[in-house]
K.L.:
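What follows is a single structure, and I will ask about it in a moment.
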Amino acid sequence: MKTRVAWLAVAAVVSAVLVMTYAAAGGTDYAPAAGRDPCEPRKWPDVSGTTEIGEQLALSAIDGAACKLGVSGEELALAFTSQKRLDQFAKERGISEGEIQDAARDGLIRAIGEGEKAGEINGIEAFVLRLAARAAPIDRLIEYVRGSFG
């Protein structure tokens, strides 16, 4: 019995020392790092293949849409994972479905420009992609993004 009490006391002392060390090292001042600014252009890494280009386009498009809507890219990407989440996101922020669709389309067009500037999409591809982005039903584009992250 004395051994158990001694071990409990040792564990309590060790725990207290860990907590005090954490606090002394500045652990009480922790704040999560801020997400990236979606209005800043996304730097494209070297990509190869349509899958990697599609993924990068989706990331850049989300940033562009988030910038237009005044929200974080992470928040919008999470909203895009399901129609229910997207509806809730829109309701909480007082954003219409049309505004989300316009932002998604503008984000995609911005992403195409970023890909072209990075040299990952050539001028002809960018032209064709911009035409498609302007003409394609936006819900299909949102489904593509949902499929990329869902």
Side-chain angles (χ1 to χ4, degrees), residues 8 11-12 14-150:
L8 280 173
V14 169
S15 296
V17 168
L18 284 172
V19 169
M20 288 187 289
T21 302
Y22 176 77
T28 57
D29 293 336
Y30 173 76
R36 67 180 305 282
D37 180 357
C39 296
E40 291 292 317
R42 182 175 281 274
K43 179 164 176 15
W44 278 48
D46 289 335
V47 294
S48 61
T50 55
T51 301
E52 288 183 9
I53 290 172
E55 289 171 354
Q56 194 61 41
L57 276 170
L59 289 170
S60 293
I62 286 174
D63 279 351
C67 177
K68 183 165 184 172
L69 295 172
V71 299
S72 74
E74 296 83 3
E75 189 177 13
L76 187 57
L78 184 60
F80 275 152
T81 60
S82 74
Q83 189 61 49
K84 181 179 176 183
R85 283 186 172 176
L86 189 58
D87 292 343
Q88 184 65 31
F89 169 85
K91 182 180 175 185
E92 288 173 357
R93 284 153 193 82
I95 300 170
S96 72
E97 183 177 334
E99 289 172 308
I100 290 173
Q101 290 181 356
D102 288 345
R105 189 176 309 281
D106 290 350
L108 181 57
I109 292 168
R110 179 184 118 167
I112 294 164
E114 288 177 356
E116 185 178 22
K117 185 176 180 182
E120 299 298 333
I121 299 173
N122 69 42
I124 294 170
E125 292 167 332
F127 176 77
V128 171
L129 287 170
R130 282 186 188 98
L131 286 177
R134 288 184 180 103
I138 200 63
D139 58 331
R140 302 277 183 175
L141 299 173
I142 291 172
E143 282 299 319
Y144 174 77
V145 170
R146 191 172 289 141
S148 295
F149 297 101

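Index from 1, following the sequence.
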K.L.:
Is it the case that the side chain of Glu99 and the backbone of Ser96 share a donor-acceptor pair, with hydrogens and angles ignored and the cut-off at 3.5 Å?
P.N.:
yes
K.L.:
Taking atom CZ of Phe89 and atom CD1 of Ile100, what is their separation to the nearest 0.5 Å?
P.N.:
6.0 Å
K.L.:
Considering only distance and modelled atom types, tabulate donor-acceptor pairs under 3.5 Å from the side chains of residues 67-74, sequence neighbours left out.
P.N.:
residue, atom, partner, partner atom, Å
Lys68, NZ, Asp106, OD2, 2.4
Ser72, OG, Glu75, N, 3.0

K.L.:
Could you tell me whether the side chain of Thr81 and the main chain of Leu78 form a donor-acceptor pair under 3.5 Å?
P.N.:
yes
K.L.:
What's the separation between atom CD in Gln88 and atom CZ in Arg93, rounded to the nearest 0.5 Å?
P.N.:
8.5 Å
K.L.:
Where is the tightest heavy-atom contact between Ser60 and Arg42, given as atom of each residue plus distance?
P.N.:
OG-CD, 3.5 Å
K.L.:
Does either side chain, that of Gln56 or that of Glu52, offer a donor lying less than 3.5 Å from an acceptor on the other one?
P.N.:
no
K.L.:
To the nearest 0.5 Å, what is the distance between CD1 on Ile112 and NZ on Lys117?
P.N.:
16.0 Å
K.L.:
Check whether Arg105 reaches the backbone of Ala133 with its side chain - one donor and one acceptor, N or O, closer than 3.5 Å.
P.N.:
yes
K.L.:
Please name all residues satisfying side chain to side chain contact (heavy atoms under 4.5 Å, CB included) with Glu116, sequence neighbours left out, ordered by chain then number.
P.N.:
Ala126, Arg130
K.L.:
Taking only Lys NZ, Arg NE, NH1 and NH2, and the carboxylate oxygens of Asp or Glu, determine whether Arg110 and Glu114 approach each other closer than 4.0 Å.
P.N.:
yes
K.L.:
Tell me whether the count of non-hydrogen atoms from other residues, nucleotides or ligands lying under 6.0 Å of CD1 in Ile124 goes above 12.
P.N.:
no
K.L.:
If I take atom CZ from residue Arg36 and atom NZ from residue Lys43, how far apart are they, to the nearest 0.5 angstrom?
P.N.:
12.0 Å
K.L.:
List the residues meeting side chain to side chain contact (heavy atoms under 4.5 Å, CB included) with Asp87, not counting sequence neighbours, and say none if there are none.
P.N.:
Gln83
K.L.:
Ignoring hydrogens, what is the shortest heavy-atom contact between Ala111 and Trp44? Give both atom names and the distance.
P.N.:
O-CZ2, 3.5 Å
K.L.:
Just verifying a value: how many Å separate Leu108 CG and Arg134 CZ, rounded to the nearest 0.5 Å?
P.N.:
10.0 Å
K.L.:
Please test Leu57 against Ile121 for side-chain contact (heavy atoms from CB on, under 4.5 Å), starting from the C-alpha separation and ending with a verdict.
P.N.:
CA-CA 10 Å; Leu57 276 170; Ile121 299 173; 4.0 Å; yes
K.L.:
Within a 6.0 Å radius of atom CG on Asn122, are there more than 12 heavy atoms belonging to other residues, nucleotides or ligands?
P.N.:
yes
